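In this text, all values refer to a predicted model and were calculated from it rather than measured experimentally.
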Amino acid sequence: MKKDKHTIEIKFLDLKTKFKNNELTINEIDNLTCELLLELALLTENGIKEINGTSIDLFKDRVWWIVEKAGLLPEYRDPEDEFEDIEIEDDYYKEDDEFEVEIDDSKFYK
């Protein structure tokens, strides 16, 4: 007797097939992967570890792979590289003193 497929299996196979055949826009891929990851997270919270003998973590990895391949993630920036792009402009000796304030010394010294 053949087991019925779980909705996660059906949705993942549909997503995978359409992704490989370039039948989805980037927004559709984003929506479908978000929906699948949300469902997988909810199943995990409820203590489910397998879907028809397949680890739920394997489904998460498979969906995440599609997210990465579709280019939905921002480019990774290493915290160490963050400082390389910043150019520091030394304006200490700049002649414009835009915050120059005159102080009446008679109020402070009695």
Is there a continuous path of hydrophobic side-chain contacts, each under 4.5 Å between heavy atoms, that joins [X] to [Y]?
X: Leu36; Y: Leu72; answer: yes
X: Leu32; Y: Ile10; answer: no
X: Ile26; Y: Leu15; answer: yes
X: Phe12; Y: Leu42; answer: no
X: Leu58; Y: Trp64; answer: no

**Request:** Measure from the side-chain N and O atoms of Asn31 to the backbone N and O of Asn27, and report whether any donor-acceptor pair falls under 3.5 Å.
**Result:**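 Yes; judged by distance alone, with no hydrogens or angles, the pair exists.
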
**Message:** Treating Glu9 as the side-chain partner and His6 as the backbone partner, does any N or O pair qualify as donor plus acceptor under 3.5 Å?
**Reply:**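 Such a contact is found between Glu9 side chain and His6 backbone.
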
**Stepwise side-chain hydrogen bond (donor to acceptor under 3.5 Å, both in side chains) check, Ser55 with Lys60** = CA-CA 9 Å; Ser55 167; Lys60 292 176 194 174; over 6 Å; no

**Message:** Using the rule given for side-chain contact (heavy atoms from CB on, under 4.5 Å), can you reason through Leu13 versus Lys5, listing the C-alpha separation, both sets of side-chain angles and the distance that settles it, and then say yes or no?
**Reply:** CA-CA 11 Å; Leu13 288 174; Lys5 289 194 177 209; 3.2 Å; yes

Reported [atom1]-to-[atom2] distance for the pair [X] and [Y], which is rounded to 0.5 angstrom:
X: Leu43; Y: Ile8; atom1: CG; atom2: CD1; result: 5.5 Å
X: Phe59; Y: Thr54; atom1: CZ; atom2: OG1; result: 5.0 Å
X: Thr44; Y: Asp57; atom1: OG1; atom2: CG; result: 6.5 Å

**Request:** Inspect the contact between Asp14 and Lys11 and indicate whether a charged nitrogen and a carboxylate oxygen are less than 4.0 angstrom apart.
**Result:**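 Salt bridge absent between Lys11 and Asp14.
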
**Asked** Can you check whether Trp65 reaches Phe19 side chain to side chain, under 4.5 Å on heavy atoms?
**Response**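 Yes; the side chains approach each other to less than 4.5 Å.
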
**Request:** Apply side-chain contact (heavy atoms from CB on, under 4.5 Å) to the pair Ile56 and Glu50, showing each step before the final yes or no.
**Result:** CA-CA 5 Å; Ile56 201 162; Glu50 287 187 354; over 6 Å; no

